Amino acid sequence: MFLDIIFLIAGLVLILAGANYMTDGSAALAKRFGMSDFLIGLTIVAMMTSAPELVVSVTSALNASSEMAIGNIVGSNIFNILVIIGITALIRPIAVTRGVLINEIPLVILSSVALLVMGCAPYLDGGPMVLTRDGIILLLFFIVFMRHTFASAKSAPSNDPVASSASGFKPTPLWKAILITLGGLAGLVLGGQWFVEGASGLARAIGWSEGLIGLTILAAGTSLPELATSIVSATKGFSGIALGNVIGSNIFNIFFVLGCTATVTPLSFGGIGIPDLSVLLLASILFWVFGWFYRRRTITRPEGAILVILYIAYMTYLYLNLPA
């Protein structure tokens, strides 16, 4: 258990350091190639910070722990919206453009709906909840998402945050920006692995199930790169990276990570049930609603607080329903 604690702390330190370097490197690349904060957060940063989820889910599935693989993705996406968007909004209210509310966030809702429908289809026929090689459909969704994203960036007006280039960074040599970004990514991935290993060891020591570990410890651990990157981005004034990071990560997690994993091997949901998938769908809808209402196209501090409180309530629900 002592070694697990060491891995936990060392992993957290690496994650925080990696997030700082990757934010600087990614923003420098965005400025270098004329990409916007939001676009690079939606694509490059989202994919890189989702690397732990990809590694953990594929490894879990290949080791016959599909329940942990599903729980990791569902829990990570819930964590991304309720905790990361919530905390980021508490630090600095998040401005959301009309285009993002119309085009990108609905894809987050669509990914949640797709997972709920695909998981429940066998259940409604009297069988267990399972995600089969329908994962190919999820991969097709991902291809459409990537094509739509870059097409939208090319056609967006120059004053649209989706198209406007990053600002606030001095020009950085290309080699240096790439080196900083890759170094940050290495810290994130290695730190995420250490954190997950330590946290999982502690969780198993107290007798938690694989599904519960996936929904909680693994989800939080593999989402720490997104959390650290978003917080660092928000404090540095790059809220576009924070917003795009969460949107891109949630879409990437379901459409690409689960799509790849389910294509390799069928995934049984096990203890991950309709309530958990419903919480994910509710969080996705609230993400969209909070962007539209209260203060027009801004996720405010009170709304951020509501999201964090909802996550605490969900964790409380899971704790109260622990097997005796």
Side-chain angles (χ1 to χ4, degrees), residues 46-47 50-81 107-146 189 192-193 196-197 199-200 203-204 208-223 248-284 314 318 321 323:
M47 291 179 188
S50 287
E53 282 94 336
L54 177 60
V55 171
V56 169
S57 293
V58 172
T59 302
S60 297
L62 293 177
N63 291 333
S65 299
S66 61
E67 183 179 347
M68 187 178 291
I70 293 281
N72 177 37
I73 295 302
V74 173
S76 291
N77 281 19
I78 293 173
F79 187 92
N80 285 350
I81 296 175
L107 287 175
V108 175
I109 298 175
L110 174 63
S111 67
S112 302
V113 171
L115 184 58
L116 179 63
V117 171
M118 289 183 178
C120 289
Y123 176 78
L124 295 176
D125 290 334
M129 292 180 64
V130 62
L131 189 62
T132 63
R133 301 195 191 281
D134 290 337
I136 295 175
I137 298 176
L138 297 179
L139 289 176
L140 292 176
F141 274 128
F142 179 72
I143 293 172
V144 171
F145 159 68
M146 292 301 295
V189 174
Q193 289 175 343
V196 168
E197 184 175 339
S200 298
R204 288 194 176 94
W208 286 11
S209 69
E210 287 188 350
L212 187 58
I213 292 173
L215 280 172
T216 55
I217 302 296
L218 281 185
T222 55
S223 290
S249 291
N250 275 33
I251 294 172
F252 184 81
N253 283 346
I254 291 180
F255 287 160
F256 185 79
V257 176
L258 277 186
C260 287
T261 310
T263 301
V264 172
T265 179
L267 300 176
S268 173
F269 281 70
I272 313 301
I274 294 177
D276 304 299
L277 299 178
S278 298
V279 169
L280 174 56
L281 179 57
L282 173 63
S284 302
Y314 175 59
L318 291 178
N321 286 273

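Please read these numbers as outputs of a predicted model, since none were measured by experiment.
- Residues L318 and D276 meet the side-chain proximity criterion, which asks for heavy atoms closer than 4.5 Å.
- The shortest heavy-atom contact between F79 and A220 is CE1-CB, 4.0 Å.
- In this structure, N253 contributes its side chain and I73 its backbone to no donor-acceptor pair below 3.5 Å.
- Atom CG of residue L140 and atom CG of residue L138 lie 9.0 Å apart, to the nearest 0.5 angstrom.
- For the atom pair CG of L215 and CD1 of I272, the computed distance is 3.5 Å after rounding to the nearest 0.5 Å.
- Across all non-hydrogen atoms, the minimal contact from A283 to I81 is O-CG2, 3.5 Å.
- Here the closest non-hydrogen pair linking G75 and A219 is C-CB, 3.2 Å.
- For the atom pair CZ of F255 and CG of N250, the computed distance is 10.5 Å after rounding to the nearest 0.5 Å.
- When all heavy atoms of S284 and V108 are compared, the closest pair comes out as OG-CG1, 3.8 Å.
- Counting only heavy atoms from C-beta outward, the side chains of F256 and L139 approach each other to under 4.5 Å.
- Residues T261 and I70 form no side-chain contact, since every pair of their non-hydrogen atoms from C-beta on lies 4.5 Å or further apart.
- Of all the heavy atoms in T216 and L212, the pair that sits closest is OG1-O, 2.5 Å.
- Using a 4.5 Å heavy-atom cutoff, the side chains of I78 and V74 are in contact.
- Rounding to the nearest 0.5 Å gives a distance of 7.5 Å between CZ of F269 and SG of C120.
- Summarising the geometry of S112 relative to L280, their closest heavy-atom pair is OG-CG, 3.6 Å, with the distance given to 0.1 Å.
- Contact check for M129 versus I274: side-chain heavy atoms found under the 4.5 Å cut-off.
- Side chains of L281 and I109 form a contact here, defined as non-hydrogen atoms less than 4.5 Å apart.
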